[in-house]
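Scope of the values below: all heavy atoms of this structure, side chains included, with no hydrogens, waters or symmetry mates.
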Amino acid sequence: MSWDLEKKKITLDQQAGKESSQILLEGDVIVPDSKPDIEQILRCNGIVQLQEAKGNEDRVNFSGELLLSILYQGKKSMKPISGMEASLPIEDIIHIDGIDQNADITLSAVLNHLDCKLLNDRKINIKAVITVIAEATTSYTGEMIEAINDMPALQTKKGSMNINSTIENKKERFIVKEELVIPNNKPNIGEILQTTVTIADKDIRPMDGRVMIRGNLKLCTLYVGDTDDSILEVVEHEIPFSGYIDGNDITSKMLVQADLQIENKEIQPASDEDGEDRILNTEITIGTTMKVTDSQEIEMIEDAYYPGKPLIIQRETIRYPNVIGTSKNQFAVKETLVLEDNATPIMQIETAWATATIDDVIPSQDKIEVQGVVIFEVLYIGENDVSPIAMVTQSVPFSQEIEIKGSKPDSNVHVSCSVENVTSNMLSSNEIEVRATLVIDAIVTEEKEGEMITEIDFDESEDIPNRSFASAVIYVVQRDDSLWSIAKEYNTTIEDILLLNDIENPEMIYTGQKLLILKKIPA
């Protein structure tokens, strides 16, 4: 006998593995010939930039760079402060059992420690500790039975499965170009020392057929003016940007995970209409890694039996991630920085930076706790004619609870943290109040396992066994019983049990309840 089966093709994401590796990176950088010798390093800042990773047999190969930006006091130089940029290559392997070249790899990196030591007046030794995390996902495709037609005596139990599947997985670049004007109260540009670019106010929204990405680029440019009395100048600018990434199957109800990173920046001085260097020609490349997933509730046949005839049911067990919840949380971290006794007293604050690092994420019932550190750096002009530029740096721990309904201690949590805004205020010649606004994006998932029926047919080789009970029995409901399990066990139907026992609500059976059951006689 042939069966009229309706099958549904499903595609879903499966977590293939997550591993991390700690890299100890060391190398020397040389001061460019056009720059003065180094007297003292003021600030050494690093950004980890990873390139596209490739999965192979049980491993992930990746490469990248540690981009360095260094401010220093020059030796025997007319300029009190100079700047330089350098980079160190990164190349390593992370082992993840069971993956191959078809796995989708997502990388993230944390710069845990950076030490810049002056070897001589033209060479700096760099030591860095970097943690790289690799997450691998694979795509599963299969077929399941969702309906069986023209089989009225067949008893089926309906169920559902909430699955996530990747709709789009893209890498795109946005190029932002702008001419930024130096404020009137600042001198002309003599030399650009350093420009820090951060992304703030990110707004990422799925729409029908595309994803909108917008935000603001915050630029902090340090330069020396073209006048003799210019020690250090700081200008801040903000550039709004927006763009779209197309995807035919994207809808406004889907989940978007997007990582934005500054891949390249070119900031060059240019002349204005009067021929004075008061323009910053800016070209910034924003790299975007975007993953769009869709959550669907799929109806399926969970179980089946045919009164009087045995069945052969083929099942397949699948694992799949389920999104429990997402959250975007904004909060402030503030501290009063106190200079050490031998530090140069503060005369004027020039600018402040902050970087945030997440040390631990602890999921619990209906919430997660994020622990980390904010490193504040304040550049100031001190009361010292010989070395007027000074820095103060301090690490400030933080802990933030974020409510996410459905979270459990064994949930998987993916978090990203960014610093949106930094302010500083001079309280006295040895005290500075600093404040950083942090934004944490969190996604909580769980690994679920389910069974789906792929094939079904009569078992012609087996008969329903003769039971040693009469055609009518009194059954006492046990704990965890359901009408389905009782009906299947005694080869009858739920409808017959309800009718025979005058039960109106099939959900209202209880432990100890007595049910009259008539068994079906095999045909």
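For the pair I358/V110, no side-chain contact is recorded, criterion being any heavy-atom separation below 4.5 Å from C-beta on. Within the 4.5 Å cutoff, side-chain heavy atoms of F376 are placed close to those of V396. At a threshold of 4.5 Å between non-hydrogen side-chain atoms, the residues L50 and V132 count as touching. Residues Q15 and T445 are in side-chain contact: their nearest non-hydrogen atoms beyond the backbone lie under 4.5 Å apart.
A salt bridge between R319 and E449 is absent, with no side-chain N of the basic residue lying under 4.0 Å from a carboxylate O of the acidic one. Using a cutoff of 4.0 Å between basic side-chain nitrogens and carboxylate oxygens, E433 and K334 are not scored as salt-bridged. Salt bridge absent: E283 and K265 never bring a charged side-chain N and a carboxylate O closer than 4.0 Å. We find that D115 and K117 are not joined by a salt bridge, their nearest charged nitrogen and carboxylate oxygen being 4.0 Å or further apart. Salt bridge annotation for E273-R278: absent, with no cationic side-chain nitrogen under 4.0 angstrom from a carboxylate oxygen.
A donor-acceptor contact under 3.5 angstrom links the side chains of E369 and Q371, judged on distance only. Side-chain contact check for D100 and N56: no donor-acceptor pair (N or O, by modelled atom type) lies under 3.5 Å. One side chain, D13 or T166, offers a donor N or O that lies under 3.5 Å from an acceptor on the other. Judged by distance alone, the side chains of N162 and Q296 never bring a donor and an acceptor atom under 3.5 Å apart. The closest side-chain donor-acceptor pair between N430 and S428 falls under 3.5 angstrom. In summary, the side chains of Q40 and S387 do not present any donor paired with an acceptor at a separation below 3.5 Å, with no hydrogens or angles considered. Using modelled atom types and a 3.5 Å distance limit, the side chains of N125 and D28 yield a donor-acceptor pair. If you check the side chains of S69 and Q194, you find a donor sitting under 3.5 Å from an acceptor. No side-chain donor from either of D294 and S165 sits under 3.5 Å from a side-chain acceptor of the other.
Side-chain atoms of Q49 come within 3.5 Å of backbone N or O of I262 as a donor-acceptor pair. Within the 3.5 Å criterion, the main-chain N or O of V31 finds a donor-acceptor partner in the side chain of R122.
Aromatic pair Y140/Y320: ring centres not closer than 6.0 Å.
Counting non-hydrogen atoms of neighbouring residues, nucleotides and ligands closer than 6.0 angstrom, the CG atom of N120 exceeds 12 such neighbours. More than 12 heavy atoms of other residues, nucleotides or ligands sit less than 6.0 Å from atom CD of E263. Within a 6.0 Å radius of CD in E340, other residues, nucleotides and ligands contribute 12 heavy atoms or fewer. Atom NZ of K202 has more than 12 neighbouring heavy atoms from other residues, nucleotides or ligands inside a 6.0 Å radius. N185 CG: more than 12 foreign heavy atoms inside a 6.0 Å radius.
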Discussion item. Between T288 and I213, does the side-chain contact (heavy atoms from CB on, under 4.5 Å) criterion hold? Intermediate values first, please.
Written reply: CA-CA 9 Å; T288 305; I213 297 177; 3.6 Å; yes
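Across every non-hydrogen atom of E383 and T344, the tightest pair is N-CG2, 3.6 Å. For I105 against A53, the heavy-atom pair with the smallest separation is CG2-CB, 3.9 Å. The nearest pair of heavy atoms linking K75 to I38 is CE-O, 3.8 Å. Considering all non-hydrogen atoms of both residues, R214 and R205 come closest at NH2-NH2, 3.8 Å. In terms of heavy-atom proximity, L25 sits nearest to P89 at CD1-O, 3.4 Å.
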Acceptor/donor pairs from residues 231-253 side chains to any protein atom, 3.5 angstrom cut, sequence neighbours excluded:
residue : atom : partner : partner atom : Å
E233    : OE2  : S230    : OG           : 3.2
H237    : NE2  : V181    : O            : 3.0

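Counting only residues at least two apart or in different chains, disulfide (SG to SG under 2.5 Å) contacts with residues 12-70 comprise C44-C116.
Among T293, V292, V256, the single residue meeting the side chain to side chain contact (heavy atoms under 4.5 Å, CB included) criterion with E168 is V292.
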